[in-house]
Amino acid sequence: MALFITDECINCDACISECPNNAIYEPDQEWSLAEETALEGIVVTPGGEEMDADEQQEALSDEFYFIVADKCTECKGFHDNPQCVSVCPVDCIHPREDMEESEEVLLEKKVWLHGA
């Protein structure tokens with residue numbers, strides 16, 4: 001399942017560099033699916049939404065770091081455990097209970113993002 005950052009976040013920046021999918025963004029930062037992935041042009045997200053991967057999207061939070069669910073694979077295919085969770089000094093990164101994804105789905109998402 002995708003991860004999310006709670007309002008307990010202290011905006012320390014520890015998680016950003018750990019994410020192999022570039023799924024974590026600073027507060028009030030625009031984002032795109034294409035950033036540091038193999039995606040480009042019109043794509044269909046794992047959730048079935050058609051998007052322009054290159055188009056900048058509005059920030060999901062203007063106060064705290066945030067994780068783009070369509071780019072989060074819980075580090076599957078890269079690491080045994082989510083790296084952002086392991087480096088967070090305040091334990092504010094948790095699984096989204098409303099977005100359960102099997103390891104197989106997470107690995108498919110990794111291939112979707114990176115092409116391999």
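This one's a predicted model, so the numbers in the text were calculated from it and none came from an experiment.
Using a 4.5 Å heavy-atom cutoff, the side chains of Asn21 and His114 are in contact. Side-chain contact between Glu30 and Glu55: absent, with no pair of heavy atoms (C-beta onward) separated by less than 4.5 Å. Using a 4.5 Å heavy-atom threshold, the side chains of Ile93 and Pro82 count as separate. In this structure, the side chains of Lys76 and Lys110 stay at 4.5 Å or more apart for every pair of heavy atoms.
Annotation: Gln56, atom CD; neighbour count of heavy atoms from other residues, nucleotides and ligands within 6.0 Å is above 12.
With sequence neighbours excluded, the residues satisfying side chain to side chain contact (heavy atoms under 4.5 Å, CB included) with Ile16 are Asp13, Ile24, Glu26, Tyr65. For Lys109, the salt bridge (Lys or Arg N to Asp or Glu O under 4.0 Å) partners are Glu101, not counting sequence neighbours. For Phe4, the side chain to side chain contact (heavy atoms under 4.5 Å, CB included) partners at least two apart in sequence or on another chain are Thr6, His94, Arg96. Under the side chain to side chain contact (heavy atoms under 4.5 Å, CB included) criterion, Val90 pairs with Ile10, Cys88, Cys92, sequence neighbours left out.
Residue Val43 shares its hydrophobic cluster (ILVMFWY side chains chained together at separations under 4.5 Å) with Tyr25, Trp31, Leu33, Leu39, Met51, Leu60, Phe66, Val68, Trp112, Leu113.
When all heavy atoms are compared, the tightest approach of Ile5 to Cys15 is CD1-SG, 4.5 Å. Shown here for Gly41 and Asp54, the closest heavy-atom pair between the two residues is N-OD2, 2.8 Å. Nearest heavy-atom pair across Ser32 and Ala53 is CB-O, 3.4 Å. Minimum interatomic distance between Asn11 and Glu63 (heavy atoms only, all atoms of both residues): ND2-O, 3.0 Å. Listed here is the closest heavy atom pair of Ala38 and Gly115: CB-N, 4.2 Å. Taking every heavy atom of both residues into account, Leu107 and Gly77 meet most closely at CD2-N, 3.5 Å.
Under the side-chain hydrogen bond (donor to acceptor under 3.5 Å, both in side chains) criterion, no residue pair touches residues 79-89, with sequence neighbours excluded.
Judged by distance alone, with hydrogens and angles left aside, the side-chain atoms of Lys71 form no donor-acceptor pair with the main-chain N or O of Thr37 at under 3.5 Å.
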